[in-house]
Number of protein chains: 2
Amino acid sequence: MAKARMQEPETGDGGLHRRMLDALGEAITSGQLEPGRRLTLDELQREFGVSRTVARDTMRVLETMNLVQSRRRIGIVVQDPSRWNVYDPQLVRWRLASPRRDDQYSSLTELRIAVEPLAAAGAARRATSGQRAELAGLAAELRAFGEAGDLESFLATDIAFHRLIVRSSGNEMFAALDGMIAEALTGRTRQGRMPFHPRDEALDAHARAAEAIAHGNPGAAEGAMREVLQEVRTALNLD
Amino acid sequence: MAKARMQEPETGDGGLHRRMLDALGEAITSGQLEPGRRLTLDELQREFGVSRTVARDTMRVLETMNLVQSRRRIGIVVQDPSRWNVYDPQLVRWRLASPRRDDQYSSLTELRIAVEPLAAAGAARRATSGQRAELAGLAAELRAFGEAGDLESFLATDIAFHRLIVRSSGNEMFAALDGMIAEALTGRTRQGRMPFHPRDEALDAHARAAEAIAHGNPGAAEGAMREVLQEVRTALNLD
DNA sequence: GTCACTCAAAAGTGTTATCTTTGAAATGCG
DNA sequence: CGCATTTCAAAGATAACACTTTTGAGTGAC
């Protein structure tokens, strides 16, 4: 029986489940499905043309993110945003794709401002010598790209620099932010919130942070990192 | 008359799925199931005496936390800790219940030190007037309980104080930490890392933070909160 | 005899369909 | 109003089939 049910496999990673999850995740995080809205599995399986099993474990996943709660007889209830697991990378991605992305960017940026100085201090204490060397190298590249005005390469290197710091911090909760930091930096450049030419003070601060980490000086690393973030802070009107 | 049909409601929420999830979550986060270990659905459904349906969506949930990855023909592979979604409250709970809980406490505490000053600044900008008043009240209670040496009430009030600050910060990523902050504070007291009598400076700093927030002074709130966290910081040897 | 290539079987998850059980809400009856 | 009954929708079980890698056995060329 030739089942002409050919699933198109080129949609990234296919996965029936993934498509449904993304659709619902985006619908909820964008507010299109407002809190309190009740859904049922039957509805969903008809709407997405999937089996009960797929519908069921999609909802299980959304439930562990606290986007919905499933109760007997009631169905599946969309939860209030205050209950969401807003650190789930997938959820962050959905929110960054939604019309409300600006909220997500400013939250993320404020989080960066809070965390990165301490992460730098941690790196000064606990980074491996390889990481220290790599950081120094990245700071040098950063200056080169910055002075050359190569914004694209500058961004890539800047992302690598900040990610490496959180991953070297010795705190796995800081390290787990690396993907989100990359998103925030990318978003900043895309939204044109980045100066055309990185300021000299910013480049110096990056270099000082790398140096302080290399020399194992936590206090200096923390201070330098605060300076690095100062311009982000003023951009967010936090001063 | 009393139909002894009473289901005890305090078991969390019963749920076959929940029991299996907790068991596996604890086994993985405690390191009992080491990274790279391969499991199969058949094994699991036999071991837990559940159907494939339940086994499957349990694994789906663990997969979204990145505790495991499931691949065709291979089975279900326990992932390396560096890939875990360490901000998932459930995962944090498992880790706090595991023998390695100290790592989790220090990570959490370092995160608090990073975030709370900025959260206080945010609260000074964006808290509602009700929240500002409530904070002032909590600071006063805190002083009363502290001076009376009532550690139990002090802890409860301290938790309420810190939670209220992150929830008033206007940043949902800060607000989402409130449960974890409560756990960290509780743990600190339980582990006897708390001075018997809260220091005067700490009480003053709490009061100054509340006042700065009430008056809408972000800079002062941030500074006062840093002082509040100073003793935590020295306890963690971060100075 | 060894290397490389092909192809088929096996192992395990992915997906669907259908059924029974259970719990909670709504309803109706006294 | 209070209690039992009904009803709805998720929770869970079971069985079958589809899809994908891995493994390895067989085959041929050198």
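Every chain is numbered from 1 and lettered A, B, ... according to where its sequence line falls, protein lines coming before strand lines.
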message: Checking side-chain polar atoms at under 3.5 Å, does B/Glu63 have a donor or acceptor matched by the opposite partner on B/Asn66?
response: no
query: For A/Asp80 and A/Ser82, does a side-chain donor sit closer than 3.5 Å to a side-chain acceptor?
result: yes
message: Please check if the number of heavy atoms outside A/Glu152 that lie under 6.0 Å from its CD is greater than 12.
response: no
Give the rounded distance in Å between these two atoms: [atom1] of [X] and [atom2] of [N].
{"X": "B/Met59", "N": "C/dT13", "atom1": "CE", "atom2": "C1'", "answer": "12 Å"}
{"X": "A/Gln69", "N": "D/dA10", "atom1": "CD", "atom2": "C1'", "answer": "13 Å"}
{"X": "A/Asp42", "N": "D/dA10", "atom1": "CG", "atom2": "C1'", "answer": "10 Å"}
{"X": "A/Glu63", "N": "D/dA10", "atom1": "CD", "atom2": "C1'", "answer": "10 Å"}
{"X": "A/Ile74", "N": "C/dT22", "atom1": "CD1", "atom2": "C1'", "answer": "15 Å"}
{"X": "A/Glu43", "N": "D/dC8", "atom1": "CD", "atom2": "P", "answer": "15 Å"}
{"X": "B/Leu44", "N": "C/dT13", "atom1": "CG", "atom2": "C1'", "answer": "12 Å"}
{"X": "A/Arg72", "N": "C/dA26", "atom1": "CZ", "atom2": "C1'", "answer": "18 Å"}

- prompt: Which of the following nucleotides, C/dA25, C/dA17, D/dG12, is nearest to the side chain of B/Val54?
  reply: D/dG12
- request: Kindly point out which of D/dG12, C/dG23, D/dC19 is positioned nearest to the side chain of B/Ser51?
  value: D/dG12
query: Base, sugar-phosphate alone, or nothing: which one does A/Ser70 contact when heavy atoms must sit under 4.0 Å apart?
result: sugar-phosphate
message: Can you classify the ring geometry of A/His162 versus A/His206 as parallel (below 30°), tilted (30 to 60°) or perpendicular (above 60°)?
response: perpendicular
Using a distance-only criterion (donor-acceptor N/O pair, under 3.5 Å, no hydrogens), is the base of [N] paired with the side chain of [X]?
{"X": "B/Arg52", "N": "C/dG12", "result": "no"}
{"X": "A/Thr40", "N": "D/dA9", "result": "no"}
{"X": "A/Arg71", "N": "D/dA10", "result": "no"}

query: Got a salt bridge between B/Glu172 and A/Arg95, using NZ or NE/NH1/NH2 to carboxylate O under 4.0 Å?
result: yes
- prompt: When you check the phosphate oxygens OP1 and OP2 of D/dA11, does a side-chain N or O of A/Arg56 lie under 4.0 Å from one of them?
  reply: yes
field: 5′-ward residue of the pair A/Leu41/A/Arg73 relative to DNA chain D
entry: A/Arg73
